[in-house]
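Here is the naming used below: chain letters follow the sequence lines, and residue numbers restart at 1 for every chain. For the numbers below, each heavy atom of this structure counts, side chains included, while hydrogens, waters and symmetry mates do not.
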There are 2 protein chains.
Amino acid sequence: MSGKKVSERTIRRLSHYARCLRLSRIRGDSIITSGYLAGTCGISSAAVRKDLAFFGEFGKQGSGYEVDELLYNIEEILGTTDPPSVVVIGAGNIGMALIESGLAGTGGYRYRGIFDRDPSRTGLKCAGIEVQSISMLSAAVQKLGEVIAVIAVSPGEGQNAVDTAVAAGCSAVLSFTLEPLIVPEGVILGFVEVSTELDIITHSIRAGARI
Amino acid sequence: MSGKKVSERTIRRLSHYARCLRLSRIRGDSIITSGYLAGTCGISSAAVRKDLAFFGEFGKQGSGYEVDELLYNIEEILGTTDPPSVVVIGAGNIGMALIESGLAGTGGYRYRGIFDRDPSRTGLKCAGIEVQSISMLSAAVQKLGEVIAVIAVSPGEGQNAVDTAVAAGCSAVLSFTLEPLIVPEGVILGFVEVSTELDIITHSIRAGARI
DNA sequence: GCGTGTGAACCTCTTCACAGCG
DNA sequence: CGCTGTGAAGAGGTTCACACGC
C-alpha cells in the first residue's frame, strides 16, 4: 500500500512499540509518550519520534500518542492487522513446546497446524491441535492462504523441511535450526538463533568485564 | 583483553562466520574464502574481509583463510573458547524442550541445570538433567562460576525469575518471555522474540508483494 | 510547560576500487 | 592469477536543538 522503504531495524523497533502498547492498553493507559516508549525499549525519545513521524503524524503535541490509535497504525504498517497463519513443521520437543505455549500476547498470530513426516507422531494431540502427516501440508496451506512455516525439525533435516514447506506454497519460513538454508527468490527466510544470542551475551560479559 | 569496541551487528556476523567454519571443518575443508563466507551469510565479501581484518591479518593472500586458525581466532574474539555455563529457569514446555534439544553445534555451550519453583516439577529428569528447586540456584551458580540464565517461565513470571537469577549471581539473562525486563547495571540482558521475528517476516511478505 | 515533528550536524557502517602479496 | 587488506567514497541511521501546537 505505502511505497515506503524501511529497514529491518526500524521494523524490529516498531514491533517492540506494538508490544509495549498492548501492555499499556491492558494496564488501561490511553495516552503514551515517546519518552516512555523510549525507556521501555532502551532507545532515545528522538529516535521513537523519528520512527513514528516517518509514517504520519500520529501524536498530539503537548500530550503524546493515543494508545489505541497508535497501535492500530503500527499494526497497519507492519501488516499484522490481519496476520498470516502460522504452522509448525516438526513435532519434536521444540515444535510441541511452541504449540503448547501458543502465541498469546503477540497480537493476532495463531498456530493453525503442526506437521511431521514420522507416522508415529501423527495423531498426537497438543493444545487442541492434532499432529498431521507432512503430506497434508499442501492442502492445509491451500485452505489457510498466506502461511509462515516454523521449522522445528532435527539437525540435518532443515533444508528438507524447508523444501517441503516451499513446495506446499508457504510464503515464508522461520527456522529454529542452526544450518544455513536456501529458499527460492520471493520466499522470506528468518532465523531464531539461540546460539548467536549466547555468543553476543558472552562477548558482552567478557567485554564489560574489561577495565 | 583487546580494547576494541565492536558493534552488536559485527558480533552477530562473527557468530555466523564461526558456525559456518564449524560446518566447513566437519566437511573437511581446510581453507575458506571471504567470498564463500559472504555467500553463506548473505553479505558482501568486502564486508567479511573488513570484519576480519579489523582484528588482525588472519588471511593468506591468494588462497584465503585457514579454517581451524580463523575459527580459533573468532572464538577468541567472541570469548567463547571457554564459554559460560548455561542454566534454564522454568521447567515448562519450552524449558524442557531446550534441555532435550541441547546445544549441539553451538560451539562449547552446555546446559548445566534446570530450575523451577514448582515443587511438583522438581525431581523430573530430562536428557540426564534433573529439575532442581529454584532455591538451589544460588549454590549451583557459585559452583559453576560465570552463568547465563535462560528464562523460560510462564507469562507474568518473567521479572520474578530474572530477579531470582540476578540475586543468585548469574552474569546474564536470555529471556524467551515477551515482557519487558529490568536488570541491574552490569548484568547482560538478551531476548529471543519469536513474536518480533514473525512481525518482520509478515512485513517482508506484504512489502515484497507490492508492485 | 510539555511533548511532538523536523531539519541539520554527526556518526557509523557499507560498498567500491585497487594495491599488495602469495 | 586469485584473494586479502585497505583507504576513499557513499549511504544510512542517530543525535541534537529548536520551532510548533496543545
Between C1' on C:dT14 and CG on B:D51, what's the gap in Å once rounded to a whole number?
10 Å
Using whole Å, report how far CZ of B:F54 lies from C1' of C:dT14.
15 Å
Without decimals, in angstroms, what is the distance between B:R49 CZ and C:dC16 P?
12 Å
Just by distance, with hydrogens left out, do A:T40 and A:Y17 show a side-chain donor and acceptor under 3.5 Å apart?
no
Atom CG of A:N73 to atom C1' of C:dG5: distance rounded to whole Å?
16 Å
Look at the side chain of A:A53 and decide which nucleotide, out of C:dT6, C:dT4, C:dC16, has an atom nearest to it.
C:dT6
Go through the steps to decide whether B:F176 and B:V153 satisfy the test side-chain contact (heavy atoms from CB on, under 4.5 Å), and finish with yes or no.
CA-CA 8 Å; B:F176 279 72; B:V153 298; over 6 Å; no
In whole angstroms, how far is the C1' atom of C:dT4 from the CG atom of A:L70?
12 Å
Any heavy-atom pair between the side chains of A:L23 and B:P180 that's under 4.5 Å?
yes
Is it true that A:E76 and B:R206 have a side-chain N and a carboxylate O under 4.0 angstrom from each other?
no
I'd like to know if A:K60 reaches the base of C:dG5 with its side chain such that a donor and an acceptor end up less than 3.5 angstrom apart.
no
B:E57 has an atom CD; how far is it from atom P of C:dG20, in whole Å?
14 Å
Nearest-Å distance for atom pair CD1/P, residues B:I31 and C:dG22
15 Å
Is the shortest side-chain N to carboxylate O distance from B:R19 to A:E179 below 4.0 Å?
no
Take atom NZ of A:K50 and atom P of C:dA9, then tell me their distance rounded to the nearest Å.
13 Å
Indicate, with a heavy-atom threshold strictly under 4.0 Å, whether A:S7 touches base, sugar-phosphate, or nothing.
sugar-phosphate
Could you tell me if B:S45 and B:S34 have a donor-acceptor pair between their side chains, going purely by distance under 3.5 Å?
no
Taking only Lys NZ, Arg NE, NH1 and NH2, and the carboxylate oxygens of Asp or Glu, determine whether A:K60 and A:E69 approach each other closer than 4.0 Å.
yes
Walking DNA chain D from its 5' end, the first of A:S44 and B:T33 to be reached, judged by nearest nucleotide, is B:T33
Identify the 5'-most and 3'-most nucleotides of DNA chain D with at least one atom closer than 4.0 Å to a non-hydrogen atom of chain A.
D:dG13 to D:dC22
